[in-house]
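Okay, so here's the structure we're looking at.
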Amino acid sequence: MNKKICLNRCHFPVTSLGYGNRVGIWLQGCSIKCDGCIVPETWDIEPKHVVSVEALLAAIKPWLQCADGVTISGGEPFEQPAPLMSLIEGVRSVCPGDLLVYSGFTWSQLRRRFGPIIANIDVLVAGPYIARLRTEGCLFGSSNQEIRILSPLAERRYTAEVLWARSVNVAIDGTSVRLAGVLPGKALVTIQQTLRTAGFTGSLTHDPL
Ligand code: SF4
């Protein structure tokens, strides 16, 4: 395996995007460009985003060994299908937990085009973000998006409590603050204004589509 993948960032433990303590992997690159997307910084690919899948897996291996699962988001993960598959296979070889993947493609598009990848996923959150359908559910950003529970492990884990729990993770790096989780629009604006007043650059680095 020596595939290259475009990566935005990784974090651990992420507790706001699925069951338990998770490795969060945000891939870089999205051509869907939903109106109202609040992570437009994940759209464009630059050389700095390119890493080898092997190096990424080696870097997160200690996390994978103790995580309850892995969440892959973006950007649009399925716009890198071959590296995504390699990443998933590598994750699966180390982490026995569940794998949750976000996509801006619809469930029917994904099923038609990416069946072999989907066969390796436990939970899929599918569909573009539509701002006028914005919701405040835990795992998705707008009500058109579908959560597909695809394995017995996910059926056991993804109870209503997990699906609807509202949680956010905050990572501070220098003067950059990154949030992971789904926030109501007003809360995001309040947080951004507060951070700006305090001299921070604040952005929501993940909206679960
Ligand atoms: S919400 Fe997701 S699919 Fe839509 S433009 Fe943003 S990153 Fe792309």
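For ligands, and for the atoms within them, numbers begin at 1 and follow the listed sequence. The model shown is predicted, which means the values in this text are computed figures rather than measured ones. One-based numbering along the sequence shown.
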> Is there an N/O/S atom in C34 that lies less than 2.8 Å from atom 8 (Fe) of ligand 1?
Replying inline: no
> Looking at ligand 1, does P128 have a heavy atom less than 4.0 Å from it?
Replying inline: no
> Under 4.0 Å from any heavy atom of C30, which atoms of ligand 1 are there?
Replying inline: 3 (S), 5 (S), 7 (S), 8 (Fe)
>> Suppose I only count heavy atoms of K33 and a 4.0 Å limit; which atoms of ligand 1 are within that range?
In response: 5 (S)
> Is D98 salt-bridged to R22, cutoff N-O under 4.0 Å?
Replying inline: yes
> Going by the angle between their ring planes, with limits at 30° and 60°, are W63 and F12 parallel, tilted or perpendicular?
Replying inline: parallel
> Within a radius of less than 6.0 Å around CD of E161, do more than 12 heavy atoms belonging to other residues, nucleotides or ligands occur?
Replying inline: no
> Is the cationic atom of R113 (NZ for Lys, CZ for Arg) positioned less than 6.0 Å from the six-membered ring centroid of F78 and within 45 degrees of its normal?
Replying inline: no
> Have S103 and E76 got a donor and an acceptor in their side chains that come within less than 3.5 Å?
Replying inline: yes
>> Closer than 4.0 Å to some heavy atom of G104 - which atoms of ligand 1 meet that?
In response: 3 (S)
>> At under 4.0 Å between heavy atoms, is it the side chain or the backbone of Y102 that contacts ligand 1, or both, or neither?
In response: neither
> Counting from 1, what ligand 1 atoms have a heavy atom of Y129 closer than 4.0 Å?
Replying inline: 1 (S)
> Does a salt bridge link R132 with D35, judged by any charged N lying under 4.0 Å from a carboxylate O?
Replying inline: no
